[in-house]
Amino acid sequence: AALGTAYAGLGLSARSLQLLNASLRELPADSDDPSNRDQRIDLNTEIAAVHFNTGEYGAALDAIGIARGLRDPKDADPIR
């Protein structure tokens, strides 16, 4: 994930998305571990940021929607 973020900072959006999505795929899909959930939220938020920076607003909103769906309502203020 760190490399994906670094590539995004350099403006290498396509490579950044590849690395961020690869990191997302590496996380256990069926895990209830809060750490995995938090990583999924962070990765989807970073993916959304890359999409926003490249003008891919629909994909960005999709990633934000995934992140919102993963958050634990008792741990966070509502996102409006």
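Remember, it's a predicted structure, so these values are computed and weren't measured experimentally.
- Residues passing the side chain to side chain contact (heavy atoms under 4.5 Å, CB included) test with Ala22 are Arg25, sequence neighbours excluded.
- Residues satisfying the side chain to side chain contact (heavy atoms under 4.5 Å, CB included) criterion with Asp32, sequence neighbours excluded, are absent altogether.
- Checked against side-chain hydrogen bond (donor to acceptor under 3.5 Å, both in side chains), Asp38 has no partners two or more places apart in sequence or in another chain.
- In plain terms, the two heavy atoms of Leu70 and Arg37 that are nearest each other are O-CD, 2.7 Å.
- Distance check, rounded to the nearest 0.5 Å: CG of Asp42 to OG of Ser23 gives 11.5 Å.
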Acceptor/donor pairs from residues 56-66 side chains to any protein atom, 3.5 angstrom cut, sequence neighbours excluded:
| from | atom 1 | to | atom 2 | distance (Å) |
| --- | --- | --- | --- | --- |
| Glu56 | OE1 | His51 | ND1 | 2.5 |

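- Within the 4.5 Å cutoff, the side chain of Val50 has no heavy atoms near those of the Ile47 side chain.
- Pairing each heavy atom of Gln39 with each of Leu27, the nearest pair is OE1-CD2, 2.8 Å.
- Residues passing the side chain to side chain contact (heavy atoms under 4.5 Å, CB included) test with Pro28, sequence neighbours excluded: Asp30, Ser31, Asn36.
- One finds the CG atom of Leu17 at 11.0 Å from the CZ atom of Arg15 (value rounded to the nearest 0.5 Å).
- For Ala67, the side chain to side chain contact (heavy atoms under 4.5 Å, CB included) partners at least two apart in sequence or on another chain are Ile41, Asn44, Thr45.
- Distance CD/Gln18 to OG/Ser13: 11.0 Å, rounded to 0.5 Å.
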